[in-house]
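Step one of this worksheet: look at the structure below.
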Amino acid sequence: MIERIHMPFWKDRPLADVGRKEVKAWHESLVDLPAQADAALRVLSRAFSLAIEEEWCKTNPCFRMGKHLTGAARTRSRILSASELVAVGKALRAAEGKEEPAALAAIRALLLSSMRLQECLSLRWDAVRFDEGVIVLTEHKTSGTSGDKIVALTPELRVLLEAQRRMSGNPFVFPSVRRKKDGSPNHFVGLQQVWTRVRIAAGCPDVHLHDLRR
């Protein structure tokens with residue numbers, strides 16, 4: 001990276017002479033290589049941080065500079081169309097009897113509830129309040145700052161959950177017959193493999209599990 005991306009531009013340049021505008025222009029010139037550009041920016045920022053420690057320069061011109069954002073860092077906006085939803089529904093029905101029922105139910109729950117993947121898979125029966133028409137999640141991604149998360153128990157979601165088979169001694173809505181290493185009950189794992197088969201059958205190979213909550 002240093003030889004291919006940094007040196008052609010910064011060769012023989014003292015760090016103290018490099019300004020923010022110049023770094024920004026260099027980073028933007030690499031827009032055709034966004035992933036490499038962002039990685040190179042991180043390396044350059046680290047070089048400036050080390051230079052400050054050695055008192056070779058006083059500021060880091062890379063500090064809080066916007067990135068091109070690629071891969072996992074890029075905000076996805078993939079939403080299934082009406083026709084794709086129909087195709088997924090057909091694929092789920094076709095998978096019945098071939099895939100674990102808890103896995104297919106979890107995929108349907110993701111589509112109906114807007115819950116995150118882990119929230120859905122780790123859902124416990126004591127969080128489902130049929131009489132109140134809500135699901136109360138006390139532990140979730142932002143529980144430390146936002147408190148309990150309330151999920152509406154819509155008619156479709158209610159029917160789905162009421163039809164779920166309860167496993168004796170297992171508190172999870174989507175249980176697994178396999179226990180954890182310590183012997184305690186576990187929820188279903190391996191949903192990604194099941195979803196990969198379903199989405200290919202539905203003709204939606206680019207749809208992630210996280211996209212279903214949209």
Quiz item: Got Lys149 and Arg116 here, is their nearest side-chain heavy-atom distance under 4.5 Å?
Solution: yes

Quiz item: When you look at CD of Glu96, are more than 12 heavy atoms from neighbouring residues, nucleotides or ligands closer to it than 6.0 Å?
Solution: yes

Quiz prompt | Side-chain heavy-atom pair Asp126, Pro171 within 4.5 angstrom cut-off | solution = no

Quiz item: Does atom CD of Glu53 have more than 12 heavy-atom neighbours, drawn from other residues, nucleotides or ligands, at distances under 6.0 Å?
Solution: yes

Exercise. Check step by step if side chain to side chain donor-acceptor pair (under 3.5 Å) holds for His187 and Asn170.
Key: CA-CA 8 Å; His187 58 71; Asn170 192 312; over 6 Å; no

Quiz item: In terms of side-chain geometry, is the basic nitrogen of Glu99 or Arg93 positioned less than 4.0 Å from the acidic oxygen of its partner?
Solution: no

Quiz prompt | Connected via hydrophobic side-chain network under 4.5 Å: Leu104 and Val207 | solution = yes

Quiz prompt | Any donor-acceptor pair under 3.5 Å from Asp211 side chain to Ile79 backbone | solution = no

Quiz item: Are Val151 and Leu111 in one and the same hydrophobic cluster, where Ile, Leu, Val, Met, Phe, Trp and Tyr link if side-chain heavy atoms are under 4.5 Å apart?
Solution: no

Self-check item: Heavy-atom pair of closest approach, residues Val18 and Trp10
Solution: CG1-CZ3, 3.6 Å

Quiz item: Any chance CH2 of Trp56 has more than 12 other-residue heavy atoms, nucleotides or ligands included, within less than 6.0 Å?
Solution: no

Self-check item: Main-chain N/O of Ser81 paired with Glu84 side-chain donor or acceptor, under 3.5 Å
Solution: yes

Self-check item: Nearest non-hydrogen partners of Pro175 and Ala102, listed with the distance
Solution: O-CB, 3.7 Å

Practice problem: Go through the steps for Arg13 and Glu22 under the test side-chain contact (heavy atoms from CB on, under 4.5 Å), then give the verdict. | Solution: CA-CA 12 Å; Arg13 290 292 308 282; Glu22 194 173 7; 2.5 Å; yes

Practice problem: Would you check, one step at a time, whether the test ring-ring contact (aromatic ring centres under 6.0 Å, His included) holds for His210 with Trp195? | Solution: CA-CA 11 Å; His210 185 75; Trp195 171 242; over 10 Å; no

Quiz item: Is the side chain of Ser45 donor-acceptor paired with the backbone N or O of Arg42 at a distance under 3.5 Å, no angle test?
Solution: no

Quiz item: Under 4.5 Å between any side-chain heavy atoms of Val194 and Glu100, yes or no?
Solution: no

Quiz item: For Arg178, does the CZ atom sit with more than 12 other heavy atoms under 6.0 Å from it, leaving out its own atoms?
Solution: no

Quiz prompt | Backbone of Phe130 reached by a side-chain donor or acceptor of Arg158 within 3.5 Å | solution = yes

Quiz item: Taking Ser113 for the side chain and Met115 for the main chain, is one N or O donor matched with an acceptor at less than 3.5 Å?
Solution: yes

Quiz item: Transitively linked via ILVMFWY side-chain contacts under 4.5 Å: Val134 with Leu123?
Solution: no

Quiz item: Are Arg197 and Lys98 side-chain neighbours, meaning at least one heavy-atom pair lies under 4.5 Å?
Solution: no

Quiz item: Shared ILVMFWY cluster between Val198 and Leu160, side chains joined below 4.5 angstrom?
Solution: no

Quiz item: Between Thr59 and Phe48, is a side-chain contact (heavy atoms from CB on, under 4.5 Å) present by the stated rule, with each step listed?
Solution: CA-CA 8 Å; Thr59 60; Phe48 275 107; over 6 Å; no

Practice problem: Give a yes or no on this: more than 12 heavy atoms of other residues, nucleotides or ligands lie within 6.0 Å of atom CD1 of Ile2. | Solution: no

